[in-house]
Amino acid sequence: MELFKIGKIKYEGPQSKNPYAFKHYDPAAMVGGKTMAEQLRFSLSYWHTLCGDGTDMFGIGTADKNFGETDPLAIYRKKAYAAFELMDKLDIPYFCFHDKDLVPEGGSLQAFQANLDAIVPLLKELMQKYDKKLLWGTANCFNHPRYVHGAATSCSADVFSYAAAQIKKALDITMELGGQGYVFWGGREGYDTLLNTDMELELDNMAQMMRMAVDYARGRGYTGDFYIEPKPKEPTKHQYDFDVATVLGFLRKYGLDKEFKVNIEANHATLAQHTFQHELYTARINGVFGSIDANQGDQLIGWDTDQFPTNVYDTTLCMLEVLRAGGFVNGGLNFDAKTRRGSMNHEDIFLAYIAGMDSFALGLKLAQKIVEDGRIDAFVKERYASFQTGIGAEIRRGTTTLEKLSDYALSLDVVEEKNSGRQEYLENVMNEIMFGGC
């Protein structure tokens with residue numbers, strides 16, 4: 001059963017004009033001591049790719065993702081076949097899911113779980129047939145009206161309990177399918193006004209939900225990662241998982257920092273008014289770098305547009321941070337991205353993934369060139385050279401005192417900052433490395 005009339009996408013090199021070919025992604029090519037496939041660990045997002053139909057806040061869907069079926073369960077079975085055909089033809093080794101991506105929810109929690117139980121054997125069969133793996137799973141605890149006031153942060157204990165049941169089931173499926181991670185995305189975990197909010201209680205409850213999930217999964221032998229995905233503003237005015245720094249404060253307060261890493265999305269960094277690299281760097285130096293949702297936003301649009309990534313500056317700086325972190329462990333590059341509303345044909349899915357995969361493959365190659373070139377790292381090291389010897393080294397070691405530093409400063413004739421940041425020079429170095437062969 002072939003659902004897409006497009007053959008396998010092959011690597012043809014930068015000179016190829018074939019729109020259905022990779023120009024930069026060569027899975028077996030070695031970069032930084034690993035193959036491209038190992039460095040990038042690409043993943044298909046089940047929700048956007050198989051379920052997203054172009055619906056937005058101003059209009060209904062433009063793309064048909066029913067694959068010729070009308071019965072709800074038959075539609076979702078066909079989605080599964082489509083997902084693995086796509087992964088096979090695009091040479092994508094992993095996928096990610098929300099529970100509601102896999103099956104219709106039905107009229108009750110019991111019906112929802114029965115539907116999930118019915119689809120899991122098919123997913124296992126297709127994973128074995130196509131040699132694909134689950135990068136991470138999660139529960140959609142934000143879409144249904146019951147979660148209008150949050151899930152783990154709901155003001156209703158019954159809603160909190162319902163969310164716990166969803167999370168337990170999603171964890172069970174993640175473990176059964178050999179998933180390497182589980183993500184908490186707080187789609188409604190936040191507030192719009194403190195006039196009706198007990199923020200302390202909500203944060204306590206959110207931490208309790210995460211702690212129970214960890215205890216449940218670890219108690220059943222799960223050894224994968226737990227992630228929180230930072231996201232600001234949307235849909236609530238004040239998200240509890242605003243950015244990496246906010247998440248770090250939350251994890252440390254509740255003693256969850258040893259169990260959780262972060263799953264960083266490029267578009268969410270934009271909405272938080274950070275660069276993608278900033279969020280990755282912050283995660284890396286704090287030991288919580290885990291996985292990445294690969295997409296990009298639009299600087300002129302104030303919501304989560306989830307576009308396929310084509311900005312090579314961003315992909316290069318992203319992969320530079322991944323390389324500096326030593327590469328992925330259990331995480332990867334999940335394309336949490338969707339075709340534009342006007343790109344409604346199945347062929348557009350292939351073209352979008354090719355664009356995103358090539359952009360990250362090129363970014364990986366360029367990031368490795370930056371590492372090998374060494375000028376940027378050498379400049380940064382030299383800029384802070386005063387902390388390598390003398391009083392600077394004592395500051396770094398923590399062997400000095402405020403009194404000693406005061407005496408040292410008083411002994412100096414003139415104190416001026418004479419080190420130029422040379423930002424323009426470094427940006428030119430970046431361009432030289434990236435485009436020097438043009």
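All values derive from a computational prediction rather than experimental measurement.
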S.K.: Between F335 and Y353, is the gap from one ring center to the other below 6.0 Å?
M.R.: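 Ring-ring flag for F335/Y353: true, centres closer than 6.0 Å.
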S.K.: For atom OH of Y281, decide whether the heavy atoms of other residues, nucleotides or ligands shown that lie under 6.0 angstrom number more than 12.
M.R.: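 Counting other residues, nucleotides and ligands, OH of Y281 stays at 12 neighbours or fewer.
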S.K.: Using a 6.0 Å distance limit plus a 45 degree cone around the ring axis, check whether R422 lies over the aromatic ring of F379.
M.R.: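 R422 over F379 ring: no.
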S.K.: Testing the basics here: between N143 and N140, what is the closest heavy-atom pair and its distance to 0.1 Å?
M.R.: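 Taking every non-hydrogen atom into account, N-OD1, 3.0 Å.
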S.K.: In the structure I gave you, are the side-chain heavy atoms of L126 and K132 within less than 4.5 Å of one another anywhere?
M.R.: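 In short, these two side chains do not touch, never coming nearer than 4.5 Å.
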S.K.: Any Lys/Arg nitrogen of D215 or R211 sitting under 4.0 Å from an Asp/Glu carboxylate oxygen of the other?
M.R.: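 A salt bridge is absent here (no side-chain N lies under 4.0 Å from a carboxylate O).
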S.K.: Tell me whether the rings of Y191 and Y240 are parallel (<30°), tilted (30 to 60°) or perpendicular (>60°).
M.R.: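 Taking Y240 first and then Y191, their aromatic rings sit tilted (interplane angle of 30° to 60°).
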S.K.: Would you name the heavy atoms of Q277 and L320 that are closest together and state the gap between them?
M.R.: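 That closest heavy-atom pairing would be NE2-CD2, 4.5 Å.
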S.K.: Under 4.5 Å between any side-chain heavy atoms of Q180 and D225, yes or no?
M.R.: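 They are not in side-chain contact.
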S.K.: When you compare the side chain of Y313 with that of E427, does any pair of heavy atoms fall below 4.5 Å?
M.R.: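 A side-chain contact under 4.5 Å is absent here.
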S.K.: Using the six-membered ring wherever Trp is involved, compare the ring planes of F250 and Y254 and label them parallel, tilted or perpendicular (cut-offs 30° and 60°).
M.R.: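 Tilted.
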S.K.: What I'd like to find out is whether the side chain of M210 reaches to under 4.5 Å of the side chain of I228, using heavy atoms alone.
M.R.: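 In contact.
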S.K.: Restricting to side chain to side chain donor-acceptor pair (under 3.5 Å), what partner residues turn up for Y94, sequence neighbours left out?
M.R.: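 Partners of Y94 by the side chain to side chain donor-acceptor pair (under 3.5 Å) criterion, ordered by chain and then number, come out as R41.
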S.K.: Just checking, is any N or O donor in the side chain of S16 or N18 under 3.5 Å from an acceptor N or O on the other one?
M.R.: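 No, N18 and S16 have no side-chain donor paired with an acceptor closer than 3.5 Å.
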S.K.: Answer yes or no: are there more than 12 heavy-atom neighbours, outside L402 itself, under 6.0 Å from its atom CG?
M.R.: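 At most 12 heavy atoms, drawn from other residues, nucleotides or ligands, come within 6.0 Å of this atom.
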S.K.: Distance alone, cut at 3.5 Å: any donor-acceptor contact between the side chains of D336 and W47?
M.R.: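 Yes, side-chain donor-acceptor contact under 3.5 Å.
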S.K.: Between F42, Y11, F360, which is the residue that forms a ring pair (Phe, Tyr, Trp, His ring centres under 6.0 Å) with Y25?
M.R.: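 The option that passes is F42.
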S.K.: Going by atom types alone, do N267 and T270 pair a side-chain donor with an acceptor below 3.5 Å?
M.R.: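 T270 and N267 do not have a side-chain donor-acceptor pair below 3.5 Å.
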S.K.: Using the ring pair (Phe, Tyr, Trp, His ring centres under 6.0 Å) definition, which of the options F142, Y182, Y46 pairs with H98?
M.R.: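 Of the listed residues F142, Y182, Y46, the ring pair (Phe, Tyr, Trp, His ring centres under 6.0 Å) partner of H98 is F142.
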S.K.: Check this for me: H149, atom NE2, are more than 12 non-hydrogen atoms of other residues, nucleotides or ligands nearer than 6.0 Å?
M.R.: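 It does not: H149 NE2 has 12 such atoms or fewer within range.
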S.K.: Any side-chain heavy atom of Q239 sitting closer than 4.5 Å to one from H268?
M.R.: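 Answer no - side chains too far apart.
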S.K.: Are L248 and D257 close enough that some pair of their side-chain heavy atoms sits under 4.5 Å apart?
M.R.: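 No, their side chains stay 4.5 Å or more apart.
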S.K.: Is any side-chain heavy atom of L177 closer than 4.5 Å to one of K124?
M.R.: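 A side-chain contact under 4.5 Å exists here.
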S.K.: Decide yes or no for L317 and M430: does some side-chain heavy atom of the first lie under 4.5 Å from some side-chain heavy atom of the second?
M.R.: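 Touching, per the 4.5 Å side-chain cut-off.
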S.K.: Taking atom types as modelled, find out whether Q166 and D99 have a side-chain donor-acceptor pair closer than 3.5 angstrom.
M.R.: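 Side chains of Q166 and D99: pair found under 3.5 Å.
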S.K.: Give me the atom names and distance for the closest heavy-atom approach of A272 to P232.
M.R.: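 Smallest heavy-atom distance, with atoms named: N-CG, 3.3 Å.
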S.K.: Answer yes if the side chains of N419 and Y384 hold a donor-acceptor pair under 3.5 Å, and no otherwise.
M.R.: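 No, Y384 and N419 have no side-chain donor paired with an acceptor closer than 3.5 Å.
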S.K.: Looking at CG of L134 and CG of L123, how far apart are the two atoms once the value is rounded to the nearest 0.5 Å?
M.R.: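 Those atoms lie 9.0 Å apart.
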